Number of protein chains: 2
Amino acid sequence: MAGIHEVARIAGVSASTVSNVINGRDEKMRPETKRRVLDAITQLNYSPNIAARQLKSGQTSTIGLIVPSVANPFWGSVAHHVERVALQHGYKVLICNAERDPVVETRYAETLLASGITGIILGSSPLSFEHLRDLADNGLHIAAFDRRNHGAENVVACSVSLDQELAGMIAAQHLIGLGHKRIAVVSGPFKTNSRLGRLNGIRAAMGRAKLELPDDMIWQGGDVIGFGDNEGAELGRIGIRELLSRDYPPTAIIAVNDMYALGAYAGARDLGFRVPEDLSIVGFDDIVLSEIAQPALTTIRQPVPAMADAIVRALIRRMEGEAVEGEQAHIDVAPQLIVRGSTASVHRADRA
Amino acid sequence: MAGIHEVARIAGVSASTVSNVINGRDEKMRPETKRRVLDAITQLNYSPNIAARQLKSGQTSTIGLIVPSVANPFWGSVAHHVERVALQHGYKVLICNAERDPVVETRYAETLLASGITGIILGSSPLSFEHLRDLADNGLHIAAFDRRNHGAENVVACSVSLDQELAGMIAAQHLIGLGHKRIAVVSGPFKTNSRLGRLNGIRAAMGRAKLELPDDMIWQGGDVIGFGDNEGAELGRIGIRELLSRDYPPTAIIAVNDMYALGAYAGARDLGFRVPEDLSIVGFDDIVLSEIAQPALTTIRQPVPAMADAIVRALIRRMEGEAVEGEQAHIDVAPQLIVRGSTASVHRADRA
DNA sequence: TCACACTGGTGCAACGTTTTACTAATTCAT
DNA sequence: ATGAATTAGTAAAACGTTGCACCAGTGTGA
């Protein structure tokens, strides 16, 4: 591969001039000189060595995106939109799967920082960001997707998320409004901020309606096999079978995300329950397949394109030092209830 | 951030010695010296600057993965497994979404090569690899996932794929065996090698059974909005509605992948057709949701974990110069028919 | 005692950019 | 005609590693 000096030699100029051309500093340069350089560049098929550039300037136009697992279409969609927005701003995106494992997450973040990447977006919504404090102190800008930065302002520069509690409340209220009284929750471990937020919202709404949410109506699976983002659908299926086998089965289910909800469809079917006649199901996220499912899933949509837009812009402002003191650090987006075919007014509730 | 010289100063040795410790060249070194260096490293929280290392050595332990879109769970799963295997071999993975656009694809490949990455895995299965010839000539090792490298041996170093024709034949034979005679195909544009291969297989099987596959039974959508990997489900839905509105609608559908197939479920439902009573549907890939769908989808499985394993190992052998002359460059894996609930013997065929 | 081999390191020149300070050549104002 | 200002471009020192070539001691055999 040819270097900048080779180009300079061919064009009959100095390396500095070539560098100036490449970087658009061509105000004080004869058009003809510029042309000669450009010609040499195309002739040699030259492209700048990124490692060298980075070593010198300390800058990369790359941001890291750490997600639980791209095998979950929700995160696939997030990755897609983050990349789209980043590209518009001249940034590339490096996607990493960390499976919500803080150790893997930290290792990835370290690697990214060591590669000169100074900004990452974290999708794992952990309860604490302590494992990343060192990196943050060393200059890594961290943005949180799907979690507020409250209580971690010095580690997490900015964040976007649904108002998770409100989202949980809306889901529960929808079911309560349909007359459901025995509502269960299906989820993986409540070890993420977002899940906990949703659960609190559900509790609040039920409390207000004078309904109980006993612990045995909260099904938590997947502790052993990780946080269950890969196996969301499978866990949902298992969870609901367990719940529906009870003496007093629930008449409605709130699944912690759409993958669990779709798994719940299968589990309900396994036991001969019809959705929504015998069982109503609500999910969160609104992945593409939710609309396709039979029946189409009622869910709380996360407006991913807008969220990606907000977080990428906010992060880039921080990385480029443009953020002003006290600039709004968290952006709350409104959850949106999408009513489709998986919820209906209660039928079997009275029988129990 | 501290550098190697700072560490050397603290440990009371030279930078070379620190470098030797970091890179495991410690055979001729007093254990005590090594310990001092290690102590200094932890004390300063030192980690080597990757850009500098790369600039000097020309090596990165990173491979690139270019996929059509991680928004399709199939590619999410591929990314997941590629990453898993790469990590086992000490490599990291950089995932890029190219939406099957040769221009975007080329730009990503250029960026990767310029960053010192000398090996990429390409998932787009293009008809031609000409757009990448230059990069290959400049030292980029290219591996193809989902397509044979035949006819492009000098551009594509190695490849894995299903035997696409066989896969197509198996799908068609399954339906033929159930008595179907009017079989339609739903797909995005046939501009990829894998889709074309599947179609050829279907044709061959039908020809052998003396059945026709007229052009108007091959629905192709999505030309305008890209190659339709994002919109697979939506396209499947539209396509099938169009096919089922014909005077002589098909009794069975082969969808080019599971996303299209799942979309076809919705489209069939829209028009009051029941699956599988009125319409049988077969997909390809076997994504997680296929098992969850109602009814569970009959599909041709791609053994993703094994394929990822094979291609990553083959690519790394090439990158590290260990591949011997004439080493097998393409690995064909066997398609596997997974019969589930979406196919049944023909009922309505006679009515038409 | 000398030549030689080992042991346990060290010194320094790269790698390919960027960028600051500098200069040679030209034009301009006086 | 002279000094100042402008224009168009250059030289060279970084950036943080790596790895070859080298070297100062110490032990060994003749």
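All of these numbers come straight from a predicted model, not from anything done at the bench. Proteins come first, then strands; the chains are lettered A, B, ... in the order of their sequence lines, and each starts at number 1.
For B:Arg313, the CZ atom counts as loosely surrounded, since its 6.0 Å shell holds 12 or fewer non-hydrogen atoms of other residues, nucleotides or ligands.
Of the side-chain N and O atoms in B:Arg30, none sit less than 4.0 angstrom from OP1 or OP2 of C:dG8. When the side-chain nitrogen and oxygen atoms of A:Thr17 are compared with OP1 and OP2 of D:dA8, none of them lie within a distance under 4.0 Å. Taking 4.0 angstrom as the limit, A:Arg53 places none of its side-chain polar atoms (N or O) nearer than this to OP1 or OP2 of C:dG16. Contact between the side-chain N/O atoms of A:Thr33 and the OP1/OP2 oxygens of D:dG9 is found at a separation under 4.0 Å.
The base of D:dA8 has none of its N or O atoms less than 3.5 Å from a complementary donor or acceptor on the side chain of A:Lys28.
Proximity of B:Tyr46 to B:Glu6: side-chain heavy atoms (C-beta onward) are nowhere separated by under 4.5 Å.
For the pair B:Lys34 NZ and C:dG8 P, the computed distance is 14 Å after rounding to whole Å. Across the protein-nucleic acid pair, B:Leu55 atom CG and C:dT18 atom P stand 12 Å apart, rounded to whole Å. The CD atom of B:Glu27 sits 16 Å away from the P atom of C:dC6 (whole-angstrom rounding). Rounded to whole Å, atom C1' of D:dA12 lies 15 Å from atom CG of A:Asn20. Between A:Arg25 atom CZ and D:dT10 atom C1' there is a gap of 14 Å when expressed in whole angstrom units. We find that CG of A:Asn23 is positioned 17 Å from P of C:dG16, with the value rounded to whole Å. When the P atom of D:dT18 is taken as reference, atom CD of B:Gln59 falls 13 Å away, rounded to whole Å. Atom CZ of A:Arg9 and atom C1' of D:dT10 are 18 Å apart (whole Å).
Counting only heavy atoms from C-beta on, B:Val13 has its side chain closest to C:dT10 among D:dG9, C:dG16, C:dT10. The side chain of B:Ser14 has C:dG11 as its nearest neighbour among D:dG16, C:dG11, D:dT18. For B:Met29, counting side-chain heavy atoms from C-beta on, the closest listed nucleotide (C:dA14, C:dG16, C:dG9) is C:dG9.
Nucleic acid contact for B:Ser16: base, since at least one base atom lies under 4.0 Å from a heavy atom of the residue.
Using a 3.5 Å distance cut-off with no hydrogens or angles, the side chains of B:Ser124 and B:Glu105 do pair a donor with an acceptor.
Between the side chain of A:Thr111 and the backbone N or O of A:Arg107, at least one donor-acceptor pair lies under 3.5 Å. A donor-acceptor contact shorter than 3.5 Å is absent between the side chain of B:Asn149 and the backbone of B:Ala152.
Annotation: of the two residues near DNA chain C, B:His5 and A:Lys56, the 5′-most nearest-nucleotide partner is B:His5.
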